[in-house]
Structures are given as C-alpha cells and as structure tokens.
Amino acid sequence: MTDQVPALETPDVTALIEAGEIGTWDWDFATGRMWWSAQMFRNLRLDPHTRGDLYGLLIEIIDPAEREAAIAALQEARRRVGAMRIEVKLNRPNREPGWVVFLGRTFPGPDGTPAHMGGITIDSTRRRKAEEATAAALQESERRLREVNQKLQERAERGFRELGASRAQMQAIFDNSPDWLTLFHATKDGRFVYADLNRATEKAYGLSYDQIVGRTVEDILGVEQAQLPLRMMRACIATGENQRYTARRTLAAVTRSIDVMFVRVPEQRDGDYYIMSTARDTTERDAIEAKLHQAQKMEAVGQLTGGLAHDFNNLLTSVIGNLELLEPKVAGDAAASRYVAAAARSAQTGAKLTEQLLAFARRQHLEASATDLNRVIRGMGDLLARSIGPAIRIETVLGPQLAPVLVDPTQIEVAILNLALNARDAMPSGGRLTIETRNADRRHEILPPEIRGARCVRVTIRDSGTGMSDDVLQMAIEPFFTTKEPGRGSGLGLSQVYGMVQQSGGAMRIDTALGKGTAIHLFLPQTDAAVAAGAGEGPLAALERREPAAHILVVDDDESVRQVAEAMLLDIGYSVAVAGSGQAGLDAIASKGGFDLLMIDIVMPGLSGIDTVRHARELVPGLRVLYMSGYAEDGMRRHTGPDPVIAKPFRLPQLGAAVRAALGESD
C-alpha cells in the first residue's frame with residue numbers, strides 16, 4: 001500500500017473576504033429587501049445590528065449632493081442584466097464624510113428579466129482623500145503658472161508694442177524664472193526659430209544660448225520630438241488661444257516629464273508672429289503621484305493577499321511539520337522516503353508561492369543582510385545559463401569595489417532571475433542579455449526622486465529585445481498584467497521585483513522603446529556593515545534529543561498547527577501542553593502554571609496573541625514568549641516588542657533553534 005497525503009481543505013472564502021475588509025450585499029427586486037454582511041455595515045460606518053429598510057437607510061446616509069445621481073444609477077443598474085460600479089459619498093450628522101465603492105452585477109430571473117443584484121463594497125475613503133489632496137495641489141500649481149504666464153504676457157505685450165524691443169528688457173524676466181522660458185519667431189515660410197531663451201532652458205537642453213538661437217525647432221529637438229510642439233504653436237497662431245500639452249522628452253541625455261504652454265504674442269507687422277513658451281519639469285511630481293497611486297492599489301491587493309497567505313501558511317505548517325516527523329520513521333523504506341521527499345518539495349513550493357504573493361503586495365518579511373551583489377550574480381551563472389538557453393548571450397559587467405547593499409539575498413536572486421526570464425521572452429530569436437553593477441554616482445547621475453541623495457548601488461538588466469510601448473510601460477508593474485500568451489506568464493514577476501525593491505528602501509526605473517530593447521535599473525541602498533563569509537548553510541544538523549528540561553504551552557486557534565507543533569516539540573524532547581484560544585491559554589496558566597515558555601499565534605479570533613501575552617504576564621511576570629505568525633509582515637513584528645517571532649511555515653530545525661533562543665538555552 002502507498003501512504004497518501006490528505007488533501008488540503010479549501011479555505012473559508014467568506015472569512016477571507018472579511019479579512020480583506022470587503023463587504024458583501026444582495027438586493028431582491030421582488031421584495032425590495034436588501035441583505036448586508038457585517039463588513040458591509042462597517043464599511044458604511046453603521047452598527048452591524050441595525051435592522052429595517054436597508055435600502056432606505058443607504059439612500060439616507062448618501063451625501064445629499066450626490067443622492068439623486070446615486071438613486072438614478074441604482075435604478076439604471078436594476079433595469080438591465082450585467083455589471084455595475086457606483087461610488088458614493090457618505091455624509092451623516094456628526095461623522096466625517098467617507099466614500100464607498102459598490103461593485104456588483106444584476107442577475108436575471110427565470111424569465112430573463114432582472115431579479116436581484118449582488119456584489120461587494122470597498123471603503124475608498126483614503127484613496128478619495130489622497131486624490132482630492134493631489135487635485136488641490138495641482139490646481140494651486142496651475143494657478144501660480146497662470147499668474148506667471150499672465151505677468152509674462154503683460155510684460156511681453158508692453159515690450160513688443162515698440163519695434164525692436166531689446167533683449168535686455170526681457171532678460172530680467174527670463175533670468176529670474178526657474179521655468180524654461182523660450183521665445184519663438186514664426187517665419188513666413190512656416191518655420192519656428194528660437195529667438196530668445198533663459199538660463200533654465202539652456203541647462204535643460206545642455207546647449208549654450210548661441211548654440212540654440214537662430215536654429216529651428218526640428219534642429220534642436222529632432223524631427224520626431226518636434227512634431228507635437230510644432231502642431232501646438234501653429235494652432236496657437238491660428239486661433240490666438242493658449243495651447244498646452246504634457247509629454248516625456250529626452251534632452252541632454254535625460255528623460256523628463258514636462259508641462260508646456262504656448263502663448264501667442266501680439267502681432268508685430270505683413271503676418272510677423274512670436275510665440276512665448278513656458279515649460280516646467282514635472283518629473284518628480286509625476287513620480288510621487290504614480291507612487292501614491294501604486295501604493296493605494298497594492299494596499300487593496302495586500303489586504304486580501306495577507307488573509308490568504310495567513311491561511312495557507314497555517315496549512316503548510318501542518319504539512320511540512322508532519323512530513324518532517326514522518327521522514328525518520330520511513331528511513332528504511334526507499335519508496336516511502338521518495339514519496340515523503342516529493343511531498344516536502346511540493347509543500348516548500350507552496351511556501352515559495354505564498355512568499356511571491358506577499359512580495360508583490362509588499363507584505364513579506366525580508367531577511368535583509370549586508371550582501372555582495374557581484375558575488376550573488378557570479379553564483380547565478382549556471383542557473384541563468386540553464387534558464388535563458390543557448391540562443392541568448394549573457395554578459396556581466398561587474399563594477400569594481402562595489403559597495404555592499406542591505407537586501408534579502410534570496411529575494412535579490414529571485415528578482416534577477418525574474419528579470420532575466422522576462423528579457424529572454426522579449427528576445428524570441430536570440431540576442432544579448434547584459435547584467436551590470438556599479439556604485440551609483442550621486443553627482444553625475446539623475447537618481448529616482450524617492451532615493452535621491454542616498455548612497456546606492458545600481459543593478460541593470462539590459463536586453464536587446466522588442467522593447468515596450470508607452471501604454472505597456474504604464475502597466476508594466478501592475479499585478480497580473482502580462483503581454484504574454486495565456487499560460488506563458490502570471491504577471492507577478494515584475495510586480496514582485498518592484499515590491500522587493502520598495503521594501504528594501506530602494507527604487508526601480510525602466511528605460512525602454514519599441515524595437516530598441518529594455519533596461520531595468522534597480523537602485524539598492526548601500527550599507528557600512530561587513531558582508532558575511534557566505535560559506536553556505538549545508539544540511540541542517542539533526543536536533544539532539546534531551547530529557548524534558550522545559551514545559552511549553554502552545555496556543556493556536558488552528559488545530560492542525562497545534563497538533564504538529566506539539567508533536568515537533570515532543571520529538572525534540574520538551575514537555576508540551578496546548579490550548580485552542582487566548583482565553584483557554586490564560587486558563588491553563590492560571591490553573592496549572594509551571595510553564596517555562598508560551599508559544600502563541602499572533603492573530604487569533606477573540607483574544608489576540610498580543611493581548612493574551614499581556615494578560616499572561618500579569619499572572620506570571622517575566623514569562624518567556626515565542627510568537628508564531630502566518631503573516632510574517634514587519635507591521636506584526638513591531639507589535640511584539642523584543643519577544644522573538646517564528647514565521648509559518650517552519651521546519652523542525654528552525655523551531656528547535658527558535659525555542660532554544662527564546663528559553664535562553666545555549667546550543
């Protein structure tokens with residue numbers, strides 16, 4: 001007979017949705033009655049015990065200014081079968097306003113007509129407030145820009161009322177402005193020639209005044225980049241109305257986001273026009289807005305992902321622990337040993353998948369240490385060669401005297417491998433993959449705004465592949481976004497890299513163009529700490545059995561975790577008692593006592609692990625504690641204070657080492 005591993009139970013979807021702070025609802029059109037989940041009441045800031053006409057209650061708490069439109073949208077959605085999305089503002093007396101998004105679908109009855117509607121709610125208050133703050137800042141920026149433009153236009157109008165207005169009169173305005181100010185002359189043959197510019201424009205172009213004035217827009221910007229401003233200036237002359245555009249421009253080998261406005265200067269004489277241009281570098285502002293937008297989306301994904309990861313880690317703790325306990329018992333049976341080893345590998349793969357989910361949601365705990373990136377990349381040579389294949393030539397350009405960086409070495413290996421695999425897929429006919437490292441030069445290199453001024457090491461993965469369009473680039477780091485065929489990619493690779501870099505205190509930049517390949521730059525923080533010798537861990541030493549020297553109380557609401565933790569501790573040689581809740585653990589401490597260590601899960605229904613420990617130490621001051629966590633996120637660890645935490649799923653040697661450390665025992 002063959003030993004079989006029991007199938008994993010499917011997690012409770014309702015509990016997972018509640019964990020993600022997602023409310024659910026249903027509306028029966030025949031009766032007019034609505035049903036709301038408890039989280040739905042919380043999202044609407046209402047008492048979950050409220051009863052009565054829920055539809056009427058919903059309409060009542062919608063902001064009066066939006067109430068009529070919301071009613072119309074709901075009625076429109078109930079007249080047709082299909083998807084619906086409505087966002088409403090909530091405004092109740094003596095409460096701060098909030099926003100909620102309703103996502104759902106209208107379902108047909110037996111006769112095919114709409115019968116009921118159901119879906120979810122998500123609290124969008126933080127996103128809306130952030131958007132309003134950003135919009136207010138943009139409006140203020142635009143107001144200041146209009147004032148400057150108005151003053152410039154007024155001065156220009158006064159100056160150009162007389163022929164031959166001198167450059168000296170305009171220079172004072174130009175030199176005092178941080179914006180790029182440029183005066184163009186529209187020639188009779190339809191060209192636009194630089195007539196004047198300020199020092200900020202000279203610096204942006206990387207050219208001197210004499211190298212620019214007298215030349216056409218095509219000469220300075222190039223034919224391709226000149227098309228949009230030329231079209232805007234022609235429209236400005238034809239209509240007399242100001243023209244404005246935003247774009248990405250590469251000037252002096254630097255790519256920037258710019259906000260440009262063109263103003264027609266009053267006609268001088270036979271169709272002689274001038275155009276005044278004001279441009280502002282918005283690169284840093286746009287980067288901050290993009291980072292905020294990405295953070296909001298990742299927060300929403302992370303809420304659901306964190307709950308899933310917690311449940312999966314509990315399951316994997318039981319699976320991995322029981323397999324390790326089974327392994328020595330089947331050591332004499334070669335076939336059984338192979339089955340156990342195969343199951344253990346699959347369980348470890350599941351643990352890695354959970355790490356990936358937490359990585360792109362930026363909720364995994366990184367074990368950061370001083371790392372030599374050159375050593376990491378050299379050690380990946382064989383792995384990269386096997387993964388990339390013979391059609392692609394791999395080159396490494398490793399910077400000398402590279403500073404150590406503070407990262408999780410395992411995660412940086414995964415990141416480099418993910419980027420290399422993406423590069424391989426972008427070169428279906430073969431090509432060149434280059435991996436470069438260097439100490440970032442803060443004096444001569446423009447760094448991403450979020451790490452500007454910091455000491456960083458730059459890792460670049462460059463390919464000679466197909467490159468990305470602007471539309472693809474905008475979506476590149478979105479979770480689950482992929483341009484690959486179905487079944488060829490998950491869309492998590494670049495998201496995982498982005499999440500790891502952000503959690504490590506670094507930044508990522510993508511340089512790409514269609515047909516010209518892609519370069520992805522990772523900027524990682526330097527550290528003054530020394531790099532470990534890197535001798536390799538090797539096989540974990542077997543744990544030495546001992547006579548019961550400590551009495552341990554294990555508290556976890558998951559029965560399978562309690563059972564496997566108890567069995568593992570008994571196998572090591574400790575005396576063990578278990579409890580299924582925080583209150584049960586406190587009862588055991590109060591009635592039995594004599595526990596040397598409390599090993600407890602952080603997140604439990606009812607009394608949490610943190611609260612249980614606080615009450616336990618009121619009963620037994622100085623009680624030693626070892627926390628367990630299936631979330632493994634830094635925010636959890638901040639609440640545990642100096643007490644150690646072991647992340648689920650854990651292996652037998654890891655558990656033994658953590659318990660000995662928590663008890664203060666020497667190895």
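For the numbers below, each heavy atom of this structure counts, side chains included, while hydrogens, waters and symmetry mates do not. Starting from 1, each residue takes its place in the sequence as its number.
- Every residue meeting the side-chain hydrogen bond (donor to acceptor under 3.5 Å, both in side chains) condition with R143, not counting sequence neighbours, appears here in chain and number order: E140, E147.
- For E76, the side-chain hydrogen bond (donor to acceptor under 3.5 Å, both in side chains) partners two or more places apart in sequence, or in a different chain, are R79.
- When atom types are taken as modelled, the side chain of S608 and the backbone of M604 share no donor-acceptor pair closer than 3.5 angstrom.
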Pairs under 3.5 angstrom only: tabulate donor-acceptor contacts from the side chains of residues 513-523 to other protein residues two or more places apart or in another chain.
unit_1	atom_1	unit_2	atom_2	d
T518	OG1	T512	OG1	2.8
H521	ND1	T460	OG1	2.8
H521	NE2	D511	OD2	3.0

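- Here the side chain of D47 pairs no donor or acceptor atom with the backbone of T50 at under 3.5 angstrom.
- Closest heavy-atom contact between W99 and T125: N-OG1, 3.1 Å.
- Scanning for side chain to side chain contact (heavy atoms under 4.5 Å, CB included) contacts around F107 gives R105, H116, with sequence neighbours left out.
- Within 6.0 Å of CD in E68 there are 12 or fewer heavy atoms belonging to other residues, nucleotides or ligands.
- For the side chain to side chain contact (heavy atoms under 4.5 Å, CB included) test, residues two or more places apart in sequence or in another chain that qualify with S560 are S318, D558.
- Residue pairs meeting the ring-ring contact (aromatic ring centres under 6.0 Å, His included) criterion with at least one member in residues 45-70, sequence neighbours excluded, are W27-Y55.
- Among all heavy-atom pairs drawn from D28 and T31, the shortest one is OD1-N, 3.2 Å.
- Applying the salt bridge (Lys or Arg N to Asp or Glu O under 4.0 Å) criterion to R231, with sequence neighbours excluded, gives no partner residue.
- Checked against ring-ring contact (aromatic ring centres under 6.0 Å, His included), F102 has the following partners two or more places apart in sequence or in another chain: W25.
- Looking at residues two or more places apart in sequence or on another chain, you find no salt bridge (Lys or Arg N to Asp or Glu O under 4.0 Å) involving D587.
- A donor-acceptor pair shorter than 3.5 Å can be found between the side chains of T121 and N43.
- Atoms OG1 and CE, on T24 and M40 in that order, are 8.5 Å from each other to the nearest 0.5 Å.
- A distance of 13.5 Å separates CD1 of I61 from NZ of K89, quoted to the nearest 0.5 Å.
- Under the 3.5 Å distance criterion, with hydrogens and angles disregarded, a donor-acceptor pair is assigned to the side chains of E87 and S124.
- Take R234 and apply the side chain to side chain contact (heavy atoms under 4.5 Å, CB included) test, not counting sequence neighbours, and it matches F192, L230.
- By the side-chain hydrogen bond (donor to acceptor under 3.5 Å, both in side chains) test, R244 pairs with D259, sequence neighbours left out.
- When every heavy atom of T239 is checked against every heavy atom of A235, the shortest pair comes out as OG1-O, 2.8 Å.
- The side chain to side chain contact (heavy atoms under 4.5 Å, CB included) search around P108 returns V81, not counting sequence neighbours.
- By the neighbour-count criterion of 12 heavy atoms within 6.0 Å, atom CD of Q75 is densely surrounded, having more than that number from other residues, nucleotides or ligands.
- At least one donor-acceptor pair closer than 3.5 Å links the side chain of R67 to the backbone N or O of I59.
- A salt bridge is defined here as a Lys NZ or Arg NE, NH1 or NH2 lying under 4.0 Å from an Asp or Glu carboxylate O, and R256 with D281 meets this definition.
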